[in-house]
Amino acid sequence: MESTKSDVKFFILTKTINSKHVQPGSLCHISNNRYESDYINQKRTTILVTGMGSNREEVVLISDMVLLSTKEAELLYALDGNDTRLKWFQEKTALKSAVGLTIDTRVTVIGYKQDLQGIIRYIGPFTEYTYPKATISGTFFGIELQGNDKGKGQYGGITSKPFFQCDHNNGFFVPFSKIQPIVPSSLTLSTQQASSQKQSNQITKGDTVHCVDDKSQALWLVMGVVDQGGEPMVNITTDNRTITVPMNFVTRVVTTEHKAQQASSQKQSNQITKGETVRCVDDKSQALWLVMGVGDQDGEKMVNITTDNRTITVPMNFVTRVVTTEHKEPNLFLGASAASVEPQTYSETVLGVDSLIEFNLAEGVGYGVIRWIGVVPDRKDTMCGLELEEPRGTSDGTFKGKRYFSCPPKKALFVKLESCRPDTRFSIPSSAKPGITFAHQKHEDEDKRHEGPCETVEHIQTDQVDRILIGRMKGIQGHCNSCYMDAALFSLFSCTSVLDSLLFKTLKPEDEEIQNTLLRDIVNPLRSKGFVEGRHIMKLRQQLLNHGYSHTFTTHEKDPEEFLTIIMQHIMALEPLLKLSTAGKVQESYCYQIFLDQNHSLVLPTIQQLLEHSFHSNGLKLAEAPSCLILQMPRFGKKFKMFDKIIPSLELDVSDLLTEGPQYCILCGQIALIECTECFKDPVFSQTGFKVFCETCSAQVHSPSERQAHRLSKLLLPKGFEGALRVPPEKMELFAVLCIETSHYVSFVKHGPKSRDWIFFDSMADREGGLDGYNIPVIEACPEVGEYLDMPPAELANQVPRDMKGVAKRLFCDAYMYLYRNPALEFYR
């Protein structure tokens with residue numbers, strides 16, 4: 001009879017013992033009956049416990065372990081590795097906080113390319129693990145991303161079990177170490193530091209505080225103080241968010257005498273008035289604030305200022321006016337100044353919502369996108385709301401408490417429309433230099449290209465690569481976070497025609513402009529000249545934005561799978577590339593996210609092994625062979641990699657993954673009639689391939705006592721199949737790999753049959769000029785990739801990434817997405 005969680009005591013080992021099977025950080029368990037018998041009743045100093053997952057019993061000193069609650073054990077078991085588990089166990093506050101988290105709690109997902117805002121929608125196991133003496137699974141948190149972080153999730157494919165409902169690419173499953181309540185410091189490993197900074201004075205309701213170790217020194221308002229589990233807690237608010245955190249996480253904002261004296265020497269010579277923009281003296285971030293009012297308080301002039309929906313009152317001499325360029329009269333509404341050149345006026349027919357613009361600030365030129373045009377109270381001029389490229393604004397799209405549009409904090413600025421002009425970074429004539437030109441400006445040659453039918457240019461062949469592609473200013477020119485799109489388009493269209501059907505589908509009139517841009521402005525120039533100007537990619541991004549798929553397509557980085565899904569599914573209405581069978585039902589998708597259970601034994605996996613293990617653990621089969629297969633590597637976000645290296649499989653054999661089709665016994669090669677899922681992870685067999693047998697070999701394999709209880713399943717043969725002729729395997733060829741490092745996507749393309757036929761593409765490899773310059777895309781041959789692919793696995797495993805030749809390290813260590821094609825099917829689907 002199996003034990004349940006309530007029948008078991010859980011421990012974490014905190015000291016090193018003489019054992020190969022449990023180390024500090026290992027979780028152990030013992031039945032309640034034995035615990036009471038050995039420890040409570042007999043007062044022993046040692047007890048016999050079982051290591052989680054190993055099922056080995058170990059004699060351990062009671063003093064070398066710490067008793068855990070079931071919830072604590074489940075939270076810790078979700079962490080990867082004993083060292084990590086011990087570290088977070090010792091972080092008492094973090095673990096205690098995680099135990100109390102509930103559904104619908106707002107949290108920040110941390111530890112990835114950027115922090116993401118979301119809401120907890122699920123708490124529980126992600127994959128079930130059951131052991132003979134204990135039933136426990138790691139507790140994960142299912143997060144639905146919110147606001148501007150929607151669409152940045154890690155899932156772009158199919159999972160076999162729905163845990164909660166959310167939009168595509170909008171979910172995360174993470175352990176407690178990757179989330180924290182909405183507060184600058186909570187689950188980070190600095191709480192011991194924070195504890196040492198307890199307040200000397202009692203914090204009370206109405207106090208303004210900032211969080212200990214919060215480098216931004218953001219201000220929070222105390223809404224109340226409560227006692228929670230014997231610990232004093234303080235309820236604080238800012239940016240329209242209210243949370244509860246431990247008392248020692250905050251410290252009162254104190255105005256010291258020497259700061260006041262320093263600020264007093266910087267009093268304004270001119271009177272600051274309502275509506276002006278100021279910044280705080282000695283504020284290194286140089287954040288802009290809007291003056292809401294000026295008054296007298298105890299004989300001292302005070303100014304009420306606001307930014308990001310927070311309002312505070314500070315002494316007048318704590319702020320300084322934003323000075324305009326060359327002392328000219330300001331003609332911008334918030335924070336900017338008149339142009340230092342002759343003013344230009346652009347009518348609303350030229351500049352409209354979503355136009356890319358520039359304007360003058362005292363510190364230089366500012367760049368942004370118009371998100372709103374209209375009239376605001378107390379202003380006669382036509383105003384526009386800008387979303388800036390850099391966080392130099394005053395709010396997140398609100399002005400005087402009213403919301404006009406939404407954007408990230410400190411990126412919104414309201415200015416006179418007449419103060420804006422088209423972004424000159426996009427108006428550089430292509431004849432002047434190989435830069436980028438304004439996306440909506442027409443060229444004569446462009447008009448001619450768009451007249452009449454257009455044939456596609458054949459993809460680049462291996463013998464053309466050196467002549468057409470290799471060199472500087474080759475490939476697709478990147479600009480403003482476009483690398484995800486540049487790398488994806490280059491991978492799909494430079495040296496293969498697997499998705500050329502996208503370019504010729506009959507579409508609705510409103511979608512034809514996107515298809516025309518892809519074919520005429522991107523694919524054909526890439527294949528004929530080896531170069532695509534950045535303005536064409538910006539034009540495509542602008543068109544996607546105009547279709548309403550995301551208001552940040554022209555400014556923010558996206559994930560490749562998000563872009564590809566929008567193009568293939570929503571614009572081109574392409575039939576799904578992938579059809580999966582699970583529990584008798586067929587699910588469809590365009591990409592597949594590889595998931596592995598925590599008990600996998602892979603160390604240096606191939607793509608073949610990763611795909612097979614993912615299908616096995618999720619109970620999936622292919623309903624039909626795909627013509628193109630897009631695989632997302634197993635990672636938590638973009639920063640945390642599950643494996644240090646992944647070996648590319650140049651060929652992917654999907655024969656055993658199909659629901660129908662003959663399979664062959666892994667031992668004798670005869671027609672297989674039986675599959676054993678429990679033999680899949682048996683170390684006797686290879687880590688590659690499903691374990692299928694003929695009846696004779698199955699009987700031999702399952703004759704030992706340890707395999708007699710295995711559950712076997714019968715394989716279905718296609719109707720009318722005669723086994724006289726062996727059916728060739730269904731194989732797919734690798735043609736590209738997208739990689740990511742430090743938030744930047746690049747791609748590797750395999751252009752020929754040899755193992756060394758590889759090229760590397762970076763759309764932003766170099767830059768000419770500063771802010772007003774342009775990016776230089778580079779394509780280089782990288783035959784060194786083949787040199788490593790030819791190595792035996794053991795030799796490859798010993799390669800130190802930093803010592804690998806050329807760019808090979810990025811392919812093996814930073815892979816994000818693998819792209820395969822089926823040569824036999826790509827022209828038929």
Side-chain angles (χ1 to χ4, degrees), residues 113 354-359 364-370 386-391 411 421-443 446 471-494 514 517-518 520-523 525-526 529-546 549-560 562-563 566-567 738 740-747 761-779:
K113 179 185 70 173
D354 295 330
S355 291
L356 304 174
I357 61 90
E358 66 182 30
F359 61 99
V365 178
Y367 299 96
V369 180
I370 295 177
L386 305 178
E387 180 177 352
L388 305 182
E389 285 187 4
E390 302 294 332
K411 282 201 170 185
R421 56 189 182 272
D423 190 332
T424 56
R425 297 175 300 176
F426 295 91
S427 59
I428 304 169
S430 57
S431 60
K433 60 180 181 179
I436 42 186
T437 53
F438 196 34
H440 67 250
Q441 289 184 337
K442 294 263 186 174
H443 294 258
E446 194 173 305
R472 289 169 62 84
M473 292 305 292
K474 290 293 186 177
I476 299 174
Q477 184 181 36
H479 173 70
C480 193
N481 296 322
S482 68
C483 60
Y484 70 96
M485 190 178 290
D486 308 329
L489 290 172
F490 183 83
S491 298
L492 284 174
F493 294 109
S494 60
I514 292 179
T517 298
L518 268 176
R520 300 170 187 263
D521 297 333
I522 297 174
V523 175
L526 176 63
K529 301 177 181 178
F531 176 67
V532 178
E533 290 183 62
R535 64 188 175 96
H536 297 307
I537 298 299
M538 181 55 75
K539 177 181 176 182
L540 176 62
R541 296 167 76 183
Q542 184 75 47
Q543 290 171 338
L544 292 173
L545 183 149
N546 293 340
Y549 291 109
S550 172
H551 75 278
T552 59
F553 247 118
T554 57
T555 54
H556 289 54
E557 180 181 300
K558 306 290 182 184
D559 293 324
E562 178 185 0
F563 162 63
I566 287 175
I567 289 290
L738 271 68
I740 185 170
E741 183 183 35
T742 59
S743 304
H744 180 60
Y745 288 97
V746 296
S747 69
F761 165 62
D762 185 346
S763 66
M764 303 179 185
D766 200 357
R767 187 166 180 84
E768 180 72 26
L771 288 174
D772 298 326
Y774 55 91
N775 290 311
I776 298 176
V778 172
I779 301 176

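Quantities reported herein were computed from a predicted structural model and do not represent experimental measurements.
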Peer 1: What distance separates Ile522 CD1 from Ile537 CD1, expressed to the nearest 0.5 Å?
Peer 2: 3.5 Å

Peer 1: With a 4.5 Å cut-off on side-chain heavy atoms, are Leu526 and Leu489 touching?
Peer 2: no

Peer 1: For residues Arg541 and Met485, report the shortest heavy-atom separation together with the two atoms involved.
Peer 2: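 Nearest pair, atom of Arg541 first, then Met485: CG-CE, 3.5 Å.
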
Peer 1: How long is the straight-line distance from CD1 of Ile476 back to CG of Asp486, given to the nearest 0.5 Å?
Peer 2: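 Rounded to the nearest 0.5 Å, the CG-CD1 separation comes to 5.5 Å.
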
Peer 1: Any donor-acceptor pair under 3.5 Å linking the side chain of Lys411 with the backbone of Glu389?
Peer 2: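 Such a contact is found between Lys411 side chain and Glu389 backbone.
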
Peer 1: I need the minimum non-hydrogen distance between Gly475 and Phe761, along with the two atoms involved.
Peer 2: CA-CE1, 3.8 Å

Peer 1: Do Ser491 and Leu738 have side-chain heavy atoms sitting under 4.5 Å apart?
Peer 2: yes

Peer 1: Quick one, Leu544 and Ile567 - any side-chain contact, counting heavy atoms below 4.5 Å?
Peer 2: yes

Peer 1: Has Gln477 got a side-chain atom pairing as donor or acceptor with Phe531's backbone, closer than 3.5 angstrom?
Peer 2: no

Peer 1: Please report the interatomic distance CE(Met473) to CD(Glu533), rounded to the nearest 0.5 Å.
Peer 2: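 Reported value, rounded in 0.5 Å steps: 8.0 Å.
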
Peer 1: Might you point out which heavy atoms bring Asp559 and Tyr484 nearest each other, and give the distance in Å?
Peer 2: O-CD1, 4.1 Å

Peer 1: Counting C-beta onward and ignoring hydrogens, is there a side-chain heavy-atom pair between Asp521 and Val532 closer than 4.5 Å?
Peer 2: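 They are not in contact (no side-chain heavy atoms under 4.5 Å apart), so the answer is no.
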
Peer 1: List the steps, then state whether side chain to side chain contact (heavy atoms under 4.5 Å, CB included) holds for Val746 with Phe490.
Peer 2: CA-CA 10 Å; Val746 296; Phe490 183 83; over 6 Å; no

Peer 1: When you compare the side chain of Asp762 with that of Met764, does any pair of heavy atoms fall below 4.5 Å?
Peer 2: yes

Peer 1: Testing the basics here: between Tyr367 and Glu358, what is the closest heavy-atom pair and its distance to 0.1 Å?
Peer 2: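 Tyr367 and Glu358 have their closest heavy atoms at CE2-OE1, 3.2 Å.
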
Peer 1: Are the side chain of Ser482 and the backbone of Gly478 linked by a donor-acceptor contact shorter than 3.5 Å?
Peer 2: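 No.
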
Peer 1: Find the distance between CG (Leu518) and NE2 (His536) and round it off to the nearest 0.5 Å.
Peer 2: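 So the gap between those two atoms works out to 12.5 Å.
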
Peer 1: So which atom in Ser763 and which in Asn775 form the shortest heavy-atom distance, rounded to 0.1 Å?
Peer 2: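 Closest pair (atom of Ser763, atom of Asn775, distance): O-CB, 4.0 Å.
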
